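Contents: one structure, followed by commentary.
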Amino acid sequence: EGRAIKSSDLVICAHEKRSEIMKSYHQLSTSPVVIRNISYFTGINNQIPQEVFEQCKDFFDIPAFFVVYAGGMLYGRKLELLIDAIDKLGPEYKLLLVGNGPAYESLKEKIDCLNNINIKIITAVPYANLASILKKADAGYMFYPTDTINNLYCAPNKIFEYASVGLPIISNLNPNVKQDIDQSNIGCCDNNLVDAINYVKNNKKVLKKNIDSFIESNNVNDEMDKLNKAIKLILE
């Protein structure tokens, strides 16, 4: 990385803090250009795949506050704690996990043992159809650990994906994620997931309203304009 950066005409990263650290660590004369990791669902396919609909019809019909997680089923994502939180909260809450990964079978076994109809796990769906499922939920869950610099100064696109379908965010207490979410007041970051879920449930209307402003002020076209300007400067 060091050799590549020193020989590059343009260095790009996804967050201001990353830019600051890279400039210092690699002793760069100028800071890397920050192009944020904005990823919104576009051209949303509202049709839930038939197989998923058949699997989840009864689950979708349950009248409860609906939390969803869509992503890798990884041991480090603390999904078992999310399952425990929903189970503890009772029948007014439900959870759907969507994705594949090494923790899938152990999570499925845990859910089967709980025998709670309000908690369900399904394998990944095509990206083009994912938004159709997410839009049925009330909140989206994400987890970023704080064990490494890379995780501590993460730049998750999941914030923007959840926002693009109107989902307030529930997250663990990662300082970088918390700063982004608190600044726009679009969710709750708390290592106590029961408290975080209840906060989002009790403030759902305000958080969803703030998401509209968040999307307006975090435009992917602005990032592309910034990138185009940076490239033009090195070509002059």
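Bear in mind the structure is a predicted one, so any value in this text is a computation, not a measurement. The figures that follow rest on heavy atoms only: side chains count, while hydrogens, waters and symmetry mates do not.
In this structure, the side chains of I159 and F214 come closer than 4.5 Å at one or more pairs of heavy atoms. Counting heavy atoms from C-beta outward, I211 and Y162 have side chains that stay 4.5 Å or more apart. Residues C188 and P168 are not in side-chain contact: their nearest non-hydrogen atoms beyond the backbone lie 4.5 Å or more apart. I170 has its side chain out of reach of L82: every pair of non-hydrogen atoms, C-beta onward, lies at least 4.5 Å apart. Counting heavy atoms from C-beta on, the side chains of I83 and L97 come closer than 4.5 Å. E92 is not listed as a side-chain neighbour of F65, based on a closest heavy-atom distance of 4.5 Å or more. For the pair P102/Y75, a side-chain contact is recorded, criterion being any heavy-atom separation below 4.5 Å from C-beta on. Under the 4.5 Å side-chain criterion, counting only non-hydrogen atoms from C-beta, I169 is not in contact with K158.
Between K57 and D61, at least one side-chain nitrogen of the basic residue sits less than 4.0 Å from a carboxylate oxygen of the acidic one, meeting the salt-bridge criterion. A salt bridge does not link K229 to D225: none of the charged side-chain nitrogens sits closer than 4.0 Å to a carboxylate oxygen.
Considering CG of N100 and CD1 of I122, their distance stands at 10.0 Å, rounded to 0.5 Å. Rounded to the nearest 0.5 angstrom, S217 OG and D222 CG are separated by 9.5 Å. Of the inter-residue distances, the one linking L79 atom CG with L107 atom CG reads 5.5 Å to the nearest 0.5 angstrom. Taking NZ of K208 as the start and CG of N203 as the end, the distance is 13.5 Å to the nearest 0.5 Å. Atoms OG and CG, on S184 and D212 in that order, are 12.0 Å from each other to the nearest 0.5 Å. Atoms NZ and CG, from K232 and N228 in turn, are 6.0 Å apart once rounded to the nearest 0.5 Å.
Counting non-hydrogen atoms of neighbouring residues, nucleotides and ligands closer than 6.0 angstrom, the NZ atom of K78 reaches no more than 12 such neighbours. Atom CD1 of I149 has 12 or fewer heavy atoms from other residues, nucleotides or ligands within 6.0 Å. With a 6.0 Å radius and a threshold of 12 heavy atoms from other residues, nucleotides or ligands, I117 has its CD1 atom at or below the threshold.
Note: the hydrophobic cluster containing I121 does not contain L74 (ILVMFWY, side chain heavy atoms under 4.5 Å, direct or indirect links). Linking ILVMFWY residues whenever their side-chain heavy atoms come closer than 4.5 Å, directly or via other members, leaves Y199 and L173 in distinct clusters. At a threshold of 4.5 Å between side-chain heavy atoms, the hydrophobic network of Ile, Leu, Val, Met, Phe, Trp and Tyr places V34 and I234 in two separate groups. Note on Y153 and Y144: separate hydrophobic clusters, where clusters join Ile, Leu, Val, Met, Phe, Trp and Tyr whose side-chain heavy atoms are under 4.5 Å apart, directly or indirectly. One hydrophobic cluster, built from ILVMFWY side chains closer than 4.5 Å, holds both L134 and F53.
Minimum interatomic distance between H26 and E1 (heavy atoms only, all atoms of both residues): NE2-OE2, 3.0 Å. Contact between A155 and N37 at its shortest, heavy atoms only, is O-ND2, 2.8 Å. In plain terms, the two heavy atoms of N118 and A64 that are nearest each other are ND2-CB, 4.1 Å. In plain terms, the two heavy atoms of P156 and M142 that are nearest each other are CG-CE, 3.6 Å. Nearest heavy-atom pair across P32 and S19 is O-OG, 2.8 Å. Minimum interatomic distance between V177 and C189 (heavy atoms only, all atoms of both residues): CG1-SG, 4.0 Å.
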Report the C-alpha separation of F60 and I48 in whole Å, then their side-chain angles, then the decisive distance to 0.1 Å, and conclude whether the side-chain contact (heavy atoms from CB on, under 4.5 Å) test is met. CA-CA 12 Å; F60 288 149; I48 295 176; 4.0 Å; yes
Test side-chain contact (heavy atoms from CB on, under 4.5 Å) on Y127 and E161 and set out the steps. CA-CA 11 Å; Y127 189 78; E161 289 183 338; 2.6 Å; yes
Set out, in order, the CA-CA distance, both residues' side-chain angles and the distance that settles side-chain contact (heavy atoms from CB on, under 4.5 Å) for L167 and D138, then state yes or no. CA-CA 6 Å; L167 292 185; D138 297 299; 5.7 Å; no
Show your working on side-chain hydrogen bond (donor to acceptor under 3.5 Å, both in side chains) between N198 and Y93 and close with a plain yes or no. CA-CA 10 Å; N198 273 327; Y93 300 78; 2.5 Å; yes
Run the side-chain contact (heavy atoms from CB on, under 4.5 Å) test on E109 and E105 for me, step by step, so that the C-alpha distance in whole Å, both residues' side-chain angles and the decisive distance to 0.1 Å come before the verdict. CA-CA 6 Å; E109 183 178 346; E105 290 303 325; over 6 Å; no
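No cation-pi contact links K108 to Y104, judged by a cut-off of 6.0 Å to the six-membered ring centre and 45° from its axis. For the pair K136 and F66, the cation-pi criterion (under 6.0 Å, within 45° of the ring axis) is not fulfilled.
Judged purely by atom type and a 3.5 angstrom limit, N116 has no side-chain atom pairing as donor or acceptor with the backbone of I111. A distance-only check finds a donor-acceptor pair linking the side chain of S164 to the backbone of F41 [under 3.5 Å]. The backbone N or O of N150 lies less than 3.5 Å from a partner atom in the side chain of R18, making a donor-acceptor pair. In terms of modelled atom types and a separation under 3.5 Å, the side chain of Y25 and the main chain of L28 share no donor-acceptor contact. Judged by distance alone, with hydrogens and angles left aside, the side-chain atoms of D190 form no donor-acceptor pair with the main-chain N or O of D195 at under 3.5 Å. Not a single donor-acceptor pair under 3.5 Å links the side chain of S31 to the backbone N or O of E20. Under the 3.5 Å distance criterion, the side-chain polar atoms of K6 are left unmatched by any main-chain donor or acceptor of Q27. Checked by atom type and distance alone, the side chain of K94 pairs as donor or acceptor with a backbone atom of I62 at under 3.5 Å. A side-chain donor-acceptor contact under 3.5 Å links N174 to the backbone of N151.
For the side-chain hydrogen bond (donor to acceptor under 3.5 Å, both in side chains) with N176, the qualifying choice from E16, K17, H15 is H15, the only one to do so.
Remark: the N219 side chain and the Y40 side chain contain no N/O donor-acceptor pair separated by less than 3.5 Å. A donor and an acceptor atom, one from each side chain of Q179 and Q183, are nowhere located under 3.5 Å apart.
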